[in-house]
Protein chains: 2
Amino acid sequence: MTAPLDAGVFDLRCSHRMPIRVGDKWSGLILRCLEDGGRRFGEVKAALRGVAPKVLTETLRAMERDGWVTRTAYDENPPRVEYALTELGRSLLGPLNAACAWAREHLDELPHAQERTPTA
Amino acid sequence: MTAPLDAGVFDLRCSHRMPIRVGDKWSGLILRCLEDGGRRFGEVKAALRGVAPKVLTETLRAMERDGWVTRTAYDENPPRVEYALTELGRSLLGPLNAACAWAREHLDELPHAQERTPTA
DNA sequence: GTGCCCGGTTACTGCAACGGAACCGGCGCT
DNA sequence: AGCGCCGGTTCCGTTGCAGTAACCGGGCAC
């Protein structure tokens, strides 16, 4: 899954005041990016083309804090850090994919779909 | 469904640059509020306790523009306006409920769930 | 004529998310 | 000595969602 993700059409959200927070711009994409196994910071960054390192760090930290991903730092050099889904994080792929399926199915019915960028 | 909705734990989002936009704070709640039939502005406002009329108008207008709800103004007095789901809007309840089901199922596994407000 | 009801609108403000650019430390390579 | 790699961090600015408070217009009732 190094190819650009198509999940950009749909992601899940809860605001910071709600127990679940998947609503930032990148969480959904990160979930799907880690679907097939752990990945390094740089790999995720490359898959999510255009994400600023600052934002990626923020998002990954939040996801770690909320128990969706694990962060494993290897004491090597150059440094290596691996992010992987927890079971909880993996369970979120269900609703996420349901939403993505909906989006693919109804994309043509959406009034302003073509005016906006369909895929990230 | 005049009782306060519990969908506050989960809603769906896409940013304004994406074809689908369910990400604002209230769209998901409005969808579920209209699930059982059309409702008046004031009814929706009462069901979504705490929403400012300005924000509610904005959200409903956006949902209308995107083809999820219809707005029907009756030329009566006092004025009456009814909002109802379109077929497209109704189809969104699928993924939305999937997400809500996930939230209910995993609420106890969430690290910081109790610190934040579980229900709106 | 005063006030209420409904469905808004307007103006102002706050805040969180997002983004760009620059910089950093530790190590290894040349 | 200088450069590059990796995984960040810091500073600063922009954007957009949301909230508060106040107001409005038309018709009706008192």
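FYI, side chains are in, hydrogens and waters are out, and symmetry mates aren't considered; it's all heavy atoms of this structure.
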Where is the tightest heavy-atom contact between [X] and [Y], given as atom of each residue plus distance?
| X | Y | answer |
| --- | --- | --- |
| B:W102 | A:S91 | NE1-OG, 2.9 Å |
| B:W26 | B:R49 | CH2-O, 4.2 Å |
| B:G28 | B:L96 | O-CD2, 3.7 Å |
| B:P53 | B:K45 | CD-CE, 3.9 Å |

Taking the nucleotide of DNA chain C with the closest heavy atom to each, which residue, B:G42 or A:V51, is nearer the 5' end?
-> B:G42

Do any N or O atoms from the side chain of A:R90 and from the backbone of A:E35 form a donor-acceptor pair under 3.5 angstrom?
-> yes

Without swapping roles, check the side chain of B:R39 against the backbone of B:C33 for a donor-acceptor pair under 3.5 Å.
-> yes

Report, one pair per line, the protein and nucleotides 22-30 of chain C atoms (nitrogen or oxygen only) whose separation is under 3.5 Å.
unit_1: C:dC27; atom_1: O4'; unit_2: A:N77; atom_2: ND2; d: 3.2

Rounding to an integer number of Å, can you tell me how far [X] [atom1] sits from [N] [atom2]?
| X | N | atom1 | atom2 | result |
| --- | --- | --- | --- | --- |
| B:E76 | D:dC28 | CD | C1' | 14 Å |
| B:E43 | C:dG8 | CD | P | 13 Å |
| B:Y74 | C:dG8 | OH | P | 13 Å |
| B:R80 | D:dG25 | CZ | C1' | 19 Å |
| B:E58 | D:dC17 | CD | P | 8 Å |
| A:L60 | D:dC6 | CG | P | 17 Å |

Compare side-chain N and O positions of A:R61 against OP1 and OP2 of D:dG7 and report whether any pair is under 4.0 Å apart.
-> no

Would one find a side-chain N or O of A:R40 under 4.0 angstrom from OP1 or OP2 of D:dG7?
-> yes

Which nucleotide in the list [options] gets nearest to the side chain of [X]?
| X | options | answer |
| --- | --- | --- |
| B:R71 | C:dG7, C:dG19, C:dT9 | C:dG7 |
| B:F41 | C:dG8, D:dG8, D:dT20 | C:dG8 |
| B:K54 | C:dG7, C:dA11, D:dG7 | C:dA11 |

More than 12 heavy atoms of other residues, nucleotides or ligands under 6.0 Å from CD of B:E76: is that the case?
-> yes

Would you tell me whether B:R71 and B:Y83 have side-chain atoms, one donor and one acceptor, within less than 3.5 Å of each other?
-> yes

Using a 3.5 Å limit on both pairing distances, list the dot-bracket string of DNA chain D from the 5' end; Watson-Crick and G-U wobble pairs count, crossing pairs take [ ], interstrand pairs take |.
-> ||||||||||||||||||||||||||||||

Let me know which of A:L29, A:V55, A:T59 forms a side chain to side chain contact (heavy atoms under 4.5 Å, CB included) with A:L48.
-> A:L29

Using a 4.0 Å heavy-atom cut-off across all strands, classify B:Y83 as base, sugar-phosphate, or nothing.
-> sugar-phosphate

